[in-house]
Protein chains: 2
Amino acid sequence: MKDITSKLIGLFKRGYCTPQIARIAKKIKEPSTTIHYNIKKLEKEGAIKTYKAVFDYKKVREGHCTYILINLNKGKYGDPEEIAKELAKHDNIESVDICTGEYELIIKLRSKDIDEYYEILKHLIKKHNFSKTVSMTSLKQMKTEFVEM
Amino acid sequence: MKDITSKLIGLFKRGYCTPQIARIAKKIKEPSTTIHYNIKKLEKEGAIKTYKAVFDYKKVREGHCTYILINLNKGKYGDPEEIAKELAKHDNIESVDICTGEYELIIKLRSKDIDEYYEILKHLIKKHNFSKTVSMTSLKQMKTEFVEM
DNA sequence: AAATATAATTGAATATTATTCAAATATTAA
DNA sequence: TTAATATTTGAATAATATTCAATTATATTT
């Protein structure tokens, strides 16, 4: 066996998809060349970042999902934006936002299970020296990435 | 003018895209028929929910982004799952999770600006009778839907 | 208001890509 | 070991995206 599946999941997580121009043309009853023109325009303007897949994350071994509110340690440990950029590179982190309110950062972390979640969080706290974290684990995901589950 | 753009954004928010089989085949150096077979399998299993676009949300009039932590009013106002399902239908809400911790729900809300955000939140509080909400507005979105910004 | 420039729409032709099918190979179950 | 099932693959076909040139609409300038 070649395990093409996991390669596909990796690629689809952030790209390797494309619009269905013919289907859209039928749907909104316009010529496909018009649709094509307008899509290319959105892409050139940078309004569209990428085309990607949305998964049933339980079925792709990322069923555990936690929102983590983070307080950073001020001073010598680098500025929040740098830390946020670092976090954004992590493959298990779906989103990273610098926020208003009690916490400086909010991240959404997906993992296989609670054990993997714990290992990742432990590692992140150590690496970036967070002064405080509050975790909210999802018991039921009703909607993700604008897609109802 | 036909304003095809806003129709496209609406459709791409949750679908009307498809995998690029030929490009994947080149990338991982396997025959495109093999890629095709494996993708169809993932789709049949329900592992892939949809293919969609990710936007630069500032450029599609959804630049304001807030995480809202919610406490529900117990009792007569319906169970959390029903409310979550209702919220999930809302077009400005990117995600809805039922959570552990101090708050029962966490939602991610995208709007044009702070005024629209305020109107939507006011409406939601009134409609679903939340007992408490805490808002964390994103000052900078470093990553969304697994896509770095 | 007219003239000009720019942007958007569209049909026809072409290039690219997905899909189907049948056969071969590999894996799993009996 | 055999039979059943799942996966891989090349060749042929069907469907789709893309290019191009022409038309129409919109915005800008005089």
Side-chain angles (χ1 to χ4, degrees), chain A residues 1-63 91 112-113 144-147, chain B residues 1-63 91 112-113 144-147:
Chain A
M1 265 246 299
K2 289 193 166 182
D3 191 24
I4 286 162
T5 293
S6 59
K7 285 178 189 171
L8 289 176
I9 293 167
L11 294 177
F12 283 152
K13 221 166 168 179
R14 64 205 95 217
Y16 285 89
C17 298
T18 192
Q20 290 182 294
I21 294 177
R23 188 149 86 93
I24 295 166
K26 250 174 239 165
K27 171 81 175 172
I28 67 180
K29 296 187 180 67
E30 299 286 350
S32 67
T33 44
T34 302
I35 303 303
H36 182 268
Y37 174 85
N38 280 277
I39 291 173
K40 290 305 152 195
K41 194 164 154 281
L42 282 171
E43 290 174 3
K44 268 171 211 143
E45 286 165 354
I48 293 172
K49 302 288 281 185
T50 194
Y51 305 97
K52 59 156 286 180
V54 175
F55 301 102
D56 182 333
Y57 290 95
K58 288 186 293 296
K59 291 182 179 164
V60 295
R61 298 168 56 86
E62 297 202 29
D91 206 52
K112 184 164 73 75
D113 52 33
T144 321
E145 299 162 77
F146 287 107
V147 179
Chain B
M1 263 245 299
K2 290 192 168 185
D3 192 24
I4 285 163
T5 292
S6 59
K7 286 178 189 171
L8 289 176
I9 293 167
L11 294 176
F12 283 152
K13 223 167 169 179
R14 47 191 74 90
Y16 285 89
C17 298
T18 193
Q20 291 182 294
I21 294 176
R23 188 150 84 95
I24 295 167
K26 250 172 237 163
K27 171 79 176 175
I28 68 180
K29 295 188 180 68
E30 299 287 350
S32 67
T33 44
T34 302
I35 303 302
H36 183 269
Y37 173 85
N38 279 278
I39 290 174
K40 291 304 153 196
K41 193 164 154 280
L42 282 171
E43 291 173 3
K44 268 172 213 144
E45 287 166 355
I48 293 173
K49 302 287 281 184
T50 193
Y51 305 97
K52 59 156 286 179
V54 176
F55 301 102
D56 182 333
Y57 289 95
K58 286 187 293 296
K59 292 183 178 163
V60 296
R61 299 168 56 85
E62 296 203 28
D91 205 53
K112 185 164 73 75
D113 53 32
T144 322
E145 299 161 76
F146 288 108
V147 178

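The chains referred to below are lettered A, B, ... by the order of the sequence lines, with proteins before strands, and numbering in each begins at 1.
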Ignoring the backbone of B:Glu30, work out which of C:dG11, D:dT9, C:dA7 is nearest its side chain.
D:dT9
Partners passing side-chain contact (heavy atoms from CB on, under 4.5 Å) against A:Asn38 (at least two apart in sequence or in another chain)
A:Thr34, B:Ile4, B:Thr5, B:Leu8
B:Ile39 CD1 to D:dA6 C1', straight-line distance once rounded to whole Å:
18 Å
Sorted by first residue and then second, give each salt bridge (charged side-chain N to carboxylate O under 4.0 Å, His left out) pair with at least one member in residues 19-36 of chain A; sequence neighbours left out.
A:Glu30-B:Lys2
Suppose we screen for ring pair (Phe, Tyr, Trp, His ring centres under 6.0 Å). Which residues come up paired with A:Phe146, at least two apart in sequence or across chains?
none
Euclidean distance, atom OH of residue B:Tyr51 to atom P of D:dT16 [Å, nearest integer]
16 Å
For nucleotides 15-21 of chain C, read 5' to 3', which letter fits each nucleotide if B means a protein heavy atom sits under 4.0 Å from the base, S means only the sugar-phosphate is that close, and - means neither?
--SSSB-
With side chains defined as the heavy atoms from C-beta onward, is the minimum distance between B:Leu11 and A:Ile28 less than 4.5 Å?
yes
Any ring pair (Phe, Tyr, Trp, His ring centres under 6.0 Å) pairs touching residues 3-22 of chain A, not counting sequence neighbours?
A:Phe12-B:Tyr51
A:Lys41 vs C:dA7: side-chain N/O to OP1/OP2 distance below 4.0 Å:
no
Examine C:dT9: is either OP1 or OP2 under 4.0 Å from a nitrogen or oxygen in the side chain of A:Asn38? Give yes or no.
yes
For B:Ile35 and D:dT9, give me the distance from atom CD1 to atom C1', rounded to whole Å.
12 Å
Whole-Å gap separating P (D:dT18) and CD1 (A:Ile24)
11 Å
Please list all pairs meeting salt bridge (charged side-chain N to carboxylate O under 4.0 Å, His left out) that have one or both residues in residues 39-48 of chain A, counting only residues at least two apart or in different chains.
A:Lys40-A:Glu43, A:Lys41-A:Glu45
If the cut-off is 4.0 Å, is B:Tyr37 near the phosphate of D:dT8, judged by side-chain N/O to OP1 or OP2?
no
Protein-nucleotide distance (B:Lys44, atom NZ; D:dA6, atom C1'), rounded to Å:
12 Å
Between C1' of D:dA17 and CG of B:Leu8, the distance in whole Å:
15 Å
Could you work out, with side-chain contact (heavy atoms from CB on, under 4.5 Å) as the rule, every residue matching A:Ala22, not counting sequence neighbours?
none
Roughly how many Å is it from CG in B:Leu42 to C1' in D:dA6, rounded to a whole number?
15 Å
Over the length of the helix from C:dA1-D:dT30 to C:dA30-D:dT1, how much do the five-pair end axes diverge, rounded to 10 degrees?
50°
Calculate the interatomic distance between A:Ile4 atom CD1 and C:dT27 atom C1'; express it in whole Å.
15 Å
So A:Arg14 and A:Asp91, do their side chains get closer than 4.5 Å, heavy atoms only?
yes
For A:Lys59, which residues count as a side-chain contact (heavy atoms from CB on, under 4.5 Å) partner, sequence neighbours excluded?
A:Asp56, B:Ala47
